[in-house]
Number of protein chains: 2
Amino acid sequence: MMRYDSGMTTGIKIRPPSPRRGQAPQGRKPVITREDLITAALKLVGPNRSVSTLSLREVAREAGIAPNSFYRHFRDVDELAIALIDQAGRSLRKIIGEARYRAASGRSIVRSSVETFMEQLSADEKLLHIVLREGTVGSEAFKQAVERELHSFEEELCVDLIRLAELNKLPIYEPQLVAKAITRLVFAMGTAAMDLPPDRHPELIEDMVKILRMIMVGTQTMAREGIVAD
Amino acid sequence: MMRYDSGMTTGIKIRPPSPRRGQAPQGRKPVITREDLITAALKLVGPNRSVSTLSLREVAREAGIAPNSFYRHFRDVDELAIALIDQAGRSLRKIIGEARYRAASGRSIVRSSVETFMEQLSADEKLLHIVLREGTVGSEAFKQAVERELHSFEEELCVDLIRLAELNKLPIYEPQLVAKAITRLVFAMGTAAMDLPPDRHPELIEDMVKILRMIMVGTQTMAREGIVAD
DNA sequence: CATTTGTCTATACAACTGTATATTAATGAT
DNA sequence: ATCATTAATATACAGTTGTATAGACAAATG
C-alpha cells in the first residue's frame, strides 16, 4: 500500500519529515544493509506516526537509497515492520534481565522492576515504544509478531513470579494470569507515560507500583484464603 | 497525508476494498450528511486497517460522493477520526449504564460487568473496537480524544467502585487506581479477544473475571490491613 | 586482461493523493 | 417566473506511491 502526503500539516496523517541529508545525493552506495533500512524506519515512526503509515519510498529516501534497493532486504514494508518488532523483543528481554539483576539487590522487587522498565523506556528505545504503541491494528503477521513478544514477556515474568513466591514462601494464585495482568498494565501505562513530560514519571511510577502491589496482595490472599471478591 | 495502494495484497497496508455500489454513479446526491462519511469510514477500518491509513478520497469513494464534498463536514481525515472516537464514547457510556442495570440483579458484579462488556464488544460495535484498538499512535488531538474517553470511563467506574464498597461495607484502597487498572486491563484483553474466535470468549471472560477479582481482593486487603506486597 | 556476476541507481508506468477552481444542480426568496 | 444562494460534482494540478525494466558500476572469476 502506498502512502502519500500532499502537504497536510495537521491530522493523524503527519507530513513525513523532509530528509535532512544536507548535501546532494552522493552517488552509489557501496553496500546497503538491512540495518540501514531499519534505522531509517525508526527515524520515521513515533507517537504521531504509525508504522502502518510508512511508505516504501520514504523509508528508502530516509536511508538515502533508491527505492528498488529496498527489495534486497524486505519483501514489503510489513516485513520491515515485523523485523522491528522482532528486534524490540531483544529490548524486552533486556528489561527482564535487568530486572532480575536488580531483584538481587534486596530492594522492593515491584518497585525496582517498575523503575527498571521505566528507565529503559525513558532511554528512548524507539523499538520498545513501537511494540508498546502498535500491535492492535495491522496485518495479521504483524499483530502476531507483537503478540509473540508480549507472550514471551509474560512467560518469563510468570517464571519469575513463581520462583519468587517459592523463595519467599508465599502463595500465588493463577501466576500466569498475574503475569498477563502485570504485562498488560505496565505496557499500557508505560505507553501513556511516554506522552507525558518526564517530571510526571515519578508519580506514574508510584501509581504503577501501587497497582502491581494490589495485584500481588490479591493473588497471595486468594491463594491463601480462597477469597472471592465481587 | 495520502494513502495509496497499488495492488499489495499482503502487509499492514491493506488494499482498500473496492467500493461495491453495483451500479454506475447515480448522479448528484441531494444531500450528504456527516453520518454518511462516518458510516463510510467505519466500513473501511478494522483490525487490519487503522484509521491513520484512511485517505480522504477513499472515504469519499466509499460514501459515493465527490472528494470535495468531504470538506463540508470535516476539515480533514483526522477530524473525522476524532468524531469516530467521540461517538465511541457513547458506546462506552452505554456499557457502563448496562453494567449498572445488571448490577442490580444480584449476581456477581465483576462477572456481570465483564460479560456486559464482552457482549457489547461482540455485538460488533465498530466504534468500540476503534477506541480499543487505536489511541496510542496518531495526532495529538486524536490521542487526546481517546484518552478523554478512557478517563471518562475510569471516572464513572471509580464512582461505582466507591458506591459499591460503601453499599457492601467494604474498604477500598486507591479506588481511582483500581478503576484505571480495571479499565486498562479490560480494554487490552477485550482488544485481544476480538482477534480470537468466539468460542474462545468464555475462557477469556473467566480470565478477566479472575484478574479483576484479584484486584478487588488486593484493594480490599490493602485498605483493611495496610499489607505491602513485594 | 576480458567476461561474468552481483548490486545499486535511473527511468518509467499506472495509479493514487489532497486540494484548488470551475461547473452544475437544487433550493429558497422575490 | 427569475434570480441569488447553497451544495454537490467535475476537472485540474502537482505531487506521491509500489513496482517493473533498463542502465551503470563494482567485484569476482577465468
Side-chain angles (χ1 to χ4, degrees), chain A residues 1-19 21 24-37 40-41 44 49 51-81 139, chain B residues 1-19 21 24-37 40-41 44 49 51-81 139:
Chain A
M1 174 170 287
M2 264 100 326
R3 306 282 173 267
Y4 171 65
D5 174 11
S6 74
M8 298 290 290
T9 54
T10 60
I12 51 178
K13 308 174 185 74
I14 308 295
R15 178 194 188 109
S18 308
R21 279 165 286 135
Q26 302 183 29
R28 181 179 172 126
K29 272 184 180 295
V31 67
I32 297 167
T33 66
R34 182 179 156 103
E35 281 300 316
D36 293 334
L37 296 179
L44 293 170
R49 188 74 204 288
V51 294
S52 66
T53 65
L54 287 183
S55 81
L56 182 152
R57 276 182 182 245
E58 67 174 332
V59 174
R61 198 157 44 230
E62 180 63 39
I65 64 171
N68 229 47
S69 296
F70 183 96
Y71 295 103
R72 287 275 298 170
H73 297 290
F74 299 105
R75 188 193 65 243
D76 54 18
V77 176
D78 188 50
E79 194 172 297
L80 167 61
S139 72
Chain B
M1 172 169 284
M2 263 98 333
R3 307 281 173 265
Y4 170 64
D5 177 11
S6 73
M8 297 294 288
T9 53
T10 61
I12 53 178
K13 308 173 185 72
I14 306 297
R15 178 196 189 108
S18 309
R21 279 163 287 136
Q26 303 182 31
R28 180 180 172 124
K29 274 185 180 293
V31 67
I32 297 166
T33 66
R34 183 178 153 103
E35 282 300 317
D36 292 333
L37 297 178
L44 294 171
R49 188 75 204 288
V51 294
S52 66
T53 66
L54 286 184
S55 78
L56 182 151
R57 278 182 179 245
E58 66 173 334
V59 174
R61 201 157 43 229
E62 180 63 39
I65 66 172
N68 228 48
S69 298
F70 183 96
Y71 294 105
R72 286 277 297 169
H73 298 289
F74 299 105
R75 188 193 66 241
D76 54 21
V77 176
D78 188 50
E79 194 173 299
L80 168 61
S139 73

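Every chain is numbered from 1 and lettered A, B, ... according to where its sequence line falls, protein lines coming before strand lines.
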J.: Closer to the 5' end of DNA chain C via nearest nucleotide, is it A:Thr33 or A:Pro67?
T.: A:Thr33

J.: Grab the CZ-C1' distance between B:Arg57 and D:dC13 for me, whole Å please.
T.: 10 Å

J.: For a 4.5 angstrom cut-off between non-hydrogen side-chain atoms, does B:Phe70 reach B:Arg57?
T.: no

J.: Do the side chains of A:Ile65 and A:Leu37 get nearer than 4.5 Å, heavy atoms only?
T.: yes

J.: Which heavy atom of B:Glu79 sits nearest to which heavy atom of B:Phe74, and what is that distance?
T.: OE2-CA, 3.6 Å

J.: Round to a whole Å and report the spacing from OH of B:Tyr71 to C1' of C:dT21.
T.: 13 Å

J.: Under 4.0 Å from OP1 or OP2 of C:dT7: is there any side-chain N or O of A:Ser69 that close?
T.: no

J.: For A:Leu44 and A:Glu58: C-alpha separation, side-chain torsions, deciding distance, then whether side chain to side chain contact (heavy atoms under 4.5 Å, CB included) applies.
T.: CA-CA 9 Å; A:Leu44 293 170; A:Glu58 67 174 332; 4.1 Å; yes

J.: For the pair made of CG in B:Asn68 and P in D:dA7, what is the distance, rounded to whole Å?
T.: 14 Å

J.: In whole angstroms, how far is the C1' atom of D:dA24 from the CD1 atom of A:Ile32?
T.: 14 Å

J.: Quick check for you: among C:dG18, D:dA7, C:dC16, whose closest atom lies nearest to any side-chain atom of B:Arg72?
T.: D:dA7

J.: Figure out the CZ/C1' separation between B:Phe70 and D:dA10, and round it to whole Å.
T.: 19 Å

J.: Write down the distance between CG (B:Leu56) and P (D:dT16), rounded to a whole number of angstrom.
T.: 18 Å

J.: Calculate the interatomic distance between A:Glu58 atom CD and D:dG15 atom C1'; express it in whole Å.
T.: 14 Å

J.: Can you check nucleotides 23-25 of chain C for protein contacts, nitrogen or oxygen pairs under 3.5 Å, and list what you find?
T.:
unit_1 : atom_1 : unit_2  : atom_2 : d
C:dT24 : O2     : B:Arg28 : NH1    : 3.2

J.: With a 4.5 Å heavy-atom cut-off, do A:Ser55 and A:Val77 have their side chains touching?
T.: no

J.: Rounded to whole Å, how long is the line connecting atom CZ of A:Arg61 with atom P of D:dG15?
T.: 13 Å

J.: Quick one: list whatever passes side-chain contact (heavy atoms from CB on, under 4.5 Å) with B:Ala40, sequence neighbours left out.
T.: B:Val59, B:Glu62, B:Ala63

J.: Show the nearest heavy-atom pair for residues A:Pro67 and A:Ala60, with the distance to one decimal.
T.: CA-CB, 3.7 Å

